[in-house]
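Scroll down for the structure; my scribbles are underneath it.
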Amino acid sequence: MNIQMFNLWYWFWLILSIGSVIGLYFLLRKKSPTTQKAVLFIILIIGLLAHFLKCLYPPYSINTARRMSDVWFINICGANIGLFPFIFISKSNKAKDFMFYMGLLGGLVACLYPMEPMLKTNQAAEMLDIIRFYFHHTMLWGVPLLMVIFKLHKLSYKRVLWCPVCLMGLFLFIMLNQVLASELGFIPLRGNDITAIGYKNSSYIWGPDDGIGKILAFFCPEIFTYVPVGASEGAVKYWPWFWLIVPVFLLLTPITFGLCMIFDHKNFKTDFKTFKEKIKLNIILKRHAKDDKNVKYIKTTFNEENSDNQVKTN
């Protein structure tokens, strides 16, 4: 087996990933919400257990250093594997929105561009890890998608801005994991590895790379690209975590809004129509501001027309 972009094995695993989610949909679509929620939660728990059980097989079982470092939640997908079960059973709509957006984006992108399996020099010997990779990343996009499709959670365009906020919080969680892993000796103590841009797919916390990182860096304010004080003042150095704030908000917000419109476009359309009507009313009121009788008549007429439109919409 040799997974490379667009070869037979690439399509095999991608079709298996998408097919399994579609199959799960048809299996659960007529079940009760309680059953749907229970099955999806069990899948998330199995994913969390699989994250730790990977230490039992190659490449982790034969590489002590990698086993001790990779068991930490050291990147976005790894952190989501650890957090999603708790978010799923929580009552936080904002966190569940984040679960949907980042699960769909992170998990599906990983399946479309399976960098980790492609980099393996002996894929046949690490078959179990490849299966784990596709299970984890299919779970990350499949469970949140089914959660929304089955109406176990309802997205709202009004909460879209919370996704980049939650993502920046997730970056802090990942950074803490990496710092602790370094301080406790799971990766070289106070070594250079932890701040290396590409170390363990650290989600660009420590700075951009020459790939997607270049796009992110384009939107980064200059102030976050050099050392401001001290002996190395002026040296090129992206501020860990801080340099991602502007790129994340600028790029992620429209993407999540677009995804939200697939499920919440009716509410947006209704609210936008109401917003336009209010602006129209304010313009008319300004023209008749001196005549109290006209103002009262216009407000009454507007409210009656708006009420009728909402009844028709519903």
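Everything quoted here is computed from the prediction, not taken from an experiment.
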For this session: Decide yes or no for Ser61 and Leu56: does some side-chain heavy atom of the first lie under 4.5 Å from some side-chain heavy atom of the second?
Result: no

Exercise. Given the rule in the ring pair (Phe, Tyr, Trp, His ring centres under 6.0 Å) test, do Phe268 and Phe257 qualify, once you have shown the distances and angles that lead to the verdict?
Worked result: CA-CA 11 Å; Phe268 176 77; Phe257 180 80; 5.4 Å; yes

Exercise. How about Ile212: does its CD1 atom have over 12 heavy atoms from other parts shown lying under 6.0 Å from it?
Worked result: no

Exercise. Does any N or O in the side chain of Thr225 come within less than 3.5 Å of the main-chain N or O of Glu222, such that one atom is a donor and the other an acceptor?
Worked result: yes

Exercise. At what distance, to the nearest 0.5 angstrom, does OG of Ser203 lie from CD1 of Ile174?
Worked result: 4.0 Å

For this session: Decide yes or no for Met1 and Ile130: does some side-chain heavy atom of the first lie under 4.5 Å from some side-chain heavy atom of the second?
Result: yes

Seminar exercise, completed: Distance col, row Ile3:CD1 vs Leu119:CG, nearest 0.5 angstrom, shows 11.0 Å

Problem set entry | Leu83 side chain reached by Leu170 side chain, heavy atoms, under 4.5 Å | yes

Problem set entry | Check against salt bridge (charged side-chain N to carboxylate O under 4.0 Å, His left out), Asp271 and Lys158 | CA-CA 10 Å; Asp271 291 347; Lys158 296 178 181 179; 3.6 Å; yes

Problem set entry | Reported CD1-to-CG distance for the pair Ile81 and Leu44, which is rounded to 0.5 angstrom | 10.0 Å

For this session: Specify the closest pair of heavy atoms between Asp70 and His51, including all atoms of both residues, with the distance to one decimal.
Result: O-CE1, 3.7 Å

Problem set entry | Interatomic spacing from CE in Met147 to CG in Leu145 - rounded to 0.5 Å | 9.0 Å

Exercise. Can the ring centres of Phe171 and Trp241 be said to be less than 6.0 Å apart?
Worked result: no

Problem set entry | Inter-residue atom distance Ile262.CD1 - Leu155.CG, 0.5 Å rounding | 9.5 Å

Exercise. Should the ring pair Tyr238 and Trp243 be called parallel, tilted or perpendicular, given that the plane angle runs from 0 to 90° and is split at 30 and 60?
Worked result: perpendicular

Exercise. Should Met5 and Leu8 be regarded as members of a common hydrophobic cluster, given that ILVMFWY residues are connected when their side-chain heavy atoms come within less than 4.5 Å of each other, either directly or indirectly?
Worked result: no

For this session: Could you walk me through whether Ser20 and Thr138 pass side-chain contact (heavy atoms from CB on, under 4.5 Å), step by step?
Result: CA-CA 8 Å; Ser20 62; Thr138 299; 3.6 Å; yes

For this session: Could you tell me whether the side chain of Trp11 and the main chain of Phe6 form a donor-acceptor pair under 3.5 Å?
Result: yes

For this session: Tell me, with the steps shown, if Leu28 and Leu24 meet side-chain contact (heavy atoms from CB on, under 4.5 Å).
Result: CA-CA 6 Å; Leu28 296 176; Leu24 190 59; 3.9 Å; yes

Problem set entry | Hydrophobic cluster identity match, Leu140 and Leu14, side-chain contacts under 4.5 Å | yes

For this session: State, without any angle test, whether Gln178 and Trp206 hold a side-chain donor-acceptor pair at a distance under 3.5 Å.
Result: yes

For this session: Please report the shortest heavy-atom distance between Thr256 and Tyr101, naming the atom on each side.
Result: O-CE2, 3.4 Å

For this session: Find out whether Pro59 and Lys120 are in side-chain contact, i.e. whether some heavy atom of one side chain is under 4.5 Å from a heavy atom of the other.
Result: yes

For this session: Applying side-chain contact (heavy atoms from CB on, under 4.5 Å), run through Phe88 and Met99 and close with a yes or a no.
Result: CA-CA 8 Å; Phe88 185 77; Met99 177 180 174; 3.9 Å; yes

Seminar exercise, completed: Between Asn93 and His153, the two heavy atoms sitting closest are O-CE1, 3.5 Å

Exercise. Below 4.5 Å, heavy atoms only, C-beta onward: do Trp141 and Ile18 meet side chain to side chain?
Worked result: yes

Problem set entry | Other residues, nucleotides, ligands: >12 heavy atoms within 6.0 Å of Phe218 CZ | no

For this session: Decide yes or no on salt bridge (charged side-chain N to carboxylate O under 4.0 Å, His left out) for Arg132 and Glu116, but give the supporting numbers first.
Result: CA-CA 11 Å; Arg132 177 207 59 80; Glu116 186 177 329; 3.0 Å; yes

For this session: Give a yes or no on whether Phe173 and Leu252 share a hydrophobic cluster (residues Ile, Leu, Val, Met, Phe, Trp, Tyr; joining criterion: side-chain heavy atoms under 4.5 Å apart).
Result: yes

Problem set entry | Side-chain heavy-atom pair Cys77, His136 within 4.5 angstrom cut-off | no

Exercise. Does any N or O in the side chain of Ser92 come within less than 3.5 Å of the main-chain N or O of Ala95, such that one atom is a donor and the other an acceptor?
Worked result: yes

Exercise. Run the side-chain contact (heavy atoms from CB on, under 4.5 Å) check on Asp129 and Gln123 step by step: do they pass?
Worked result: CA-CA 9 Å; Asp129 193 47; Gln123 294 182 12; over 6 Å; no

Exercise. Just wondering, more than 12 heavy atoms not from Phe242 lying within 6.0 Å of its CZ?
Worked result: no

Problem set entry | For the student: nearest non-hydrogen atoms of Met102 and Leu167, plus distance | CE-CD1, 4.0 Å

Exercise. How are the rings of Phe150 and Tyr25 set relative to one another: parallel (under 30°), tilted (30 to 60°) or perpendicular (over 60°)?
Worked result: parallel

Exercise. Where is the tightest heavy-atom contact between Leu161 and Phe249, given as atom of each residue plus distance?
Worked result: O-CE2, 4.2 Å

For this session: Indicate, with yes or no, if Met115 and Val109 share a hydrophobic cluster defined by side-chain heavy-atom contacts under 4.5 Å among Ile, Leu, Val, Met, Phe, Trp and Tyr.
Result: no

For this session: State the CD1-CD distance between Ile149 and Gln36, to the nearest 0.5 angstrom.
Result: 10.5 Å

Exercise. Using 30° and 60° as the class limits, which term best fits the ring planes of Phe73 and Phe52: parallel, tilted or perpendicular?
Worked result: perpendicular

Exercise. Are the aromatic ring centres of Tyr157 and His265 under 6.0 angstrom apart?
Worked result: no

Exercise. Any side-chain heavy atom of Ser17 within less than 4.5 Å of one from Phe135?
Worked result: no

Exercise. Just by distance, do the side chain of Thr35 and the backbone of Lys31 share a donor-acceptor pair under 3.5 Å?
Worked result: no

For this session: Of all the heavy-atom pairs spanning Cys55 and Val71, show the shortest one and how long it is.
Result: SG-CG2, 4.0 Å

Exercise. Would you call Phe98 and Asn80 a side-chain contact if the rule is heavy atoms closer than 4.5 Å?
Worked result: yes

Exercise. Should the pair Phe133 and His137 be assigned to parallel (<30°), tilted (30 to 60°) or perpendicular (>60°) ring geometry?
Worked result: tilted

For this session: Could you label the plane-to-plane angle of the Trp13 and Tyr134 rings as parallel, tilted or perpendicular, counting under 30° as parallel and over 60° as perpendicular?
Result: parallel

Exercise. So, the side chain of Trp9 versus the backbone of Gln4: is there a donor-acceptor pair under 3.5 Å, distance only?
Worked result: no

Exercise. Any chance CD1 of Ile223 has more than 12 other-residue heavy atoms, nucleotides or ligands included, within less than 6.0 Å?
Worked result: no

For this session: State yes or no: do Leu40 and Leu27 share one hydrophobic cluster built from I, L, V, M, F, W and Y residues joined by side-chain heavy-atom distances below 4.5 Å, directly or via other members?
Result: yes

